[in-house]
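First up is the structure itself, then whatever we jot down about it.
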Amino acid sequence: MNHFEQIDGVLHAEQVPLPVIADAVSTPVYVYSRATLERHAQVFRDALSGLDNPHLAFAVKANPNLAVLKVLAKQGYGADVVSGGEMDRALAAGMEAEDIVFSGVGKTTDEIIRALKAGIGQFNIESEEEGGELAALANTMGHRANAVLRINPDVDAGTHGKISTGKADNKFGVGIHRAPEIYARLNALPGINMRGVALHIGSQLTSLDPLETAFLKIGGLVAELRSAGHSITHVDLGGGLGVRYKEGDNPPEPADYGAMVARVTKGWNVRLMFEPGRVIAGNAGVLLTRVIRVKPGSGNLPFAIVDAAMNDLARPALYDAWHDFEAVEPNGRRLTANIVGPVCETGDTFAMARDIDEIAAGDLAIFRTAGAYGATMASTYNSRGLVPEVLVDGDKFAIVAERIAPATILAAEHVPDWLE
Ligand SMILES: *Cc1c(COP(=O)(O)O)cnc(C)c1O
C-alpha cells in the first residue's frame, strides 16, 4: 500500500497534487511519502512481533536522504551502513551510534577508525583480513569492537545476478565451510568482541525459500560455533525482501517472512538483527517527470521522451528493471509506446512497447516504486543536474535534497594553468 493516488483525476502524493510539486521544484524530481515510509516501517516491525526485541537497521544505501533517515529514526530504526558517508548520514539523522551496523566488503582503514571513534554498535566483518585489521586498530585505540562474521551461505537468491550476494562466487562474506576456523582465529584477537554471524543473500527476493535455506544453514553454523565454545549472542539476518514493481509480481508478505523467521530461529537464543531497505522505501517514492515530446518511431511505435533519464533512475539500465509509468492527469485513452530519456545511450530506455496512459508534450507522469535505489544511484552523466528530492507529509511538502545544477558541478572543475 502507498499514498500516491488519484484524487479528482489528478495524481497526489498524500494530499499534495503532483503538479504543485512540479511547478515549485521543476522536473525530474523524486517525491517521497512520509505516511508510506512510516507504514512500511510499522508493517515490518509488526511482522517481527513474535521475536524477542529484534534490532531493526534500515539499509541506508536504499535511500540515504537525510529526511528519510530522520523519519525512520523516529520510528525507532537504526541503520545498516556500508561507507563512512552513510555512517555520517545516519548519525546526522539522529540515529544512535550504538544502533548502527557497519557492513561492506571494502571498509577502508580510515572508515574503520572513524567508525570506532563514533562508537558504532557492530561491525559486520567480511573477511579474516578485515577482522584482523579491525582488531588491531581497536586495540591500539583502547576499544573492544563488537563484531559478527558475515557468512556466504552459497545459496542462490533467485534474483537478478547483479544484486545476488550469497553465492560462493560473490565477493561477500566468508564461505560457510571456512567460517568456524576463521571465527576461532578472530575470536582469539584482542580489540574485538566476536558475538555472532551475519548474512545477506541478495535483494528483491521474490520467494522466501532461499532465505529459509540460508537461515537453516546459519542455524547449523551457530550450533557448531557454540559447540566449539564460542558465545553467540547476535545473528544478523540481513535484508532482501522484494517489493511489487508490476502487476503480477507477488513478493513475500512481511508477515509471512516474520513467521518463517520465528519458526526457523526458534531456540537460537540470540538477538536477531534485520537490515531491510527496499521493503521500507521502495513504494514510498515516485520519480515525477515531464514529457518533452513524443516522436514517431521508425518502427510502428512512438518514443515518449521524458525529462528523467538513466542518470536519475538507473535501475532499468542496470537491471532491466520495470517501473510502472502513469500520467499524472490521465485522459482515459491509452497508447503503446517506448519510454526513453534524453541521455545519449540506448540503455536510457525505461520501457519498450509499453501500454501506457496517452501522453503528449508537457504532460506530467510518474515512475512508481522509485523510493529505493533511485535517487541514491543518480549521477550527472551527460552533464545533467543531480535530481532533487521532495518529502510530502499530509498536505505539506518540502525539498529535502536540492537539485545540484550543472553549473555548480562545472564550477568544481578546473583547467590547470599549464593548459591555459
Ligand atoms: C543492500 C543491503 C541490504 C538491503 O537490501 P534490501 O534488498 O534493500 O532489503 C541489507 N544488508 C546488506 C549488507 C546490504 O548490502
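Nothing fancy with the numbering, it's 1 onward along the sequence. Just follow the structure's listing: the first ligand is 1, and inside any ligand the first atom is 1. Predicted model, so just to flag it, every value in this text is computed and none were measured. Computation of the quantities below employed the complete heavy-atom set of this structure, encompassing side-chain atoms and omitting hydrogens, waters and symmetry-equivalent molecules.
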TODO: Please list, chain by chain and in numerical order, all residues satisfying salt bridge (charged side-chain N to carboxylate O under 4.0 Å, His left out) with Glu358, sequence neighbours excluded.
DONE: Arg333
What side-chain donor-acceptor pairs closer than 3.5 Å can you find for residues 369-376, not counting sequence neighbours?
{"unit_1": "Thr369", "atom_1": "OG1", "unit_2": "Asn283", "atom_2": "OD1", "d": "3.0"}
{"unit_1": "Thr376", "atom_1": "OG1", "unit_2": "Lys61", "atom_2": "O", "d": "3.3"}

Open item on the list: So that I know where these two stand, are Phe325 and Phe350 an aromatic pair - ring centroids less than 6.0 Å apart?
Closed with: no
Task: Donor-acceptor pair, side chain of Ser83 and main chain of Glu86, under 3.5 angstrom - done: yes
TODO: Using a strict cut-off of less than 4.0 Å between a Lys/Arg side-chain nitrogen and an Asp/Glu carboxylate oxygen, indicate whether Asp355 and Arg334 qualify as a salt bridge.
DONE: yes
Identify all pairs of nitrogen or oxygen atoms, one from ligand 1 and one from the protein, separated by less than 3.5 Å, and list them with distances.
{"unit_1": "ligand 1", "atom_1": "7 (O)", "unit_2": "Ser203", "atom_2": "OG", "d": "2.3"}
{"unit_1": "ligand 1", "atom_1": "7 (O)", "unit_2": "Gly240", "atom_2": "N", "d": "3.4"}
{"unit_1": "ligand 1", "atom_1": "8 (O)", "unit_2": "Arg278", "atom_2": "N", "d": "2.8"}
{"unit_1": "ligand 1", "atom_1": "8 (O)", "unit_2": "Tyr373", "atom_2": "OH", "d": "2.6"}
{"unit_1": "ligand 1", "atom_1": "9 (O)", "unit_2": "Gly240", "atom_2": "N", "d": "2.8"}
{"unit_1": "ligand 1", "atom_1": "9 (O)", "unit_2": "Gly277", "atom_2": "N", "d": "3.0"}
{"unit_1": "ligand 1", "atom_1": "11 (N)", "unit_2": "Asp80", "atom_2": "OD2", "d": "3.4"}
{"unit_1": "ligand 1", "atom_1": "11 (N)", "unit_2": "Glu275", "atom_2": "OE1", "d": "2.5"}
{"unit_1": "ligand 1", "atom_1": "15 (O)", "unit_2": "Lys61", "atom_2": "NZ", "d": "2.7"}

Open item on the list: List the residues meeting salt bridge (charged side-chain N to carboxylate O under 4.0 Å, His left out) with Glu14, not counting sequence neighbours, and say none if there are none.
Closed with: none
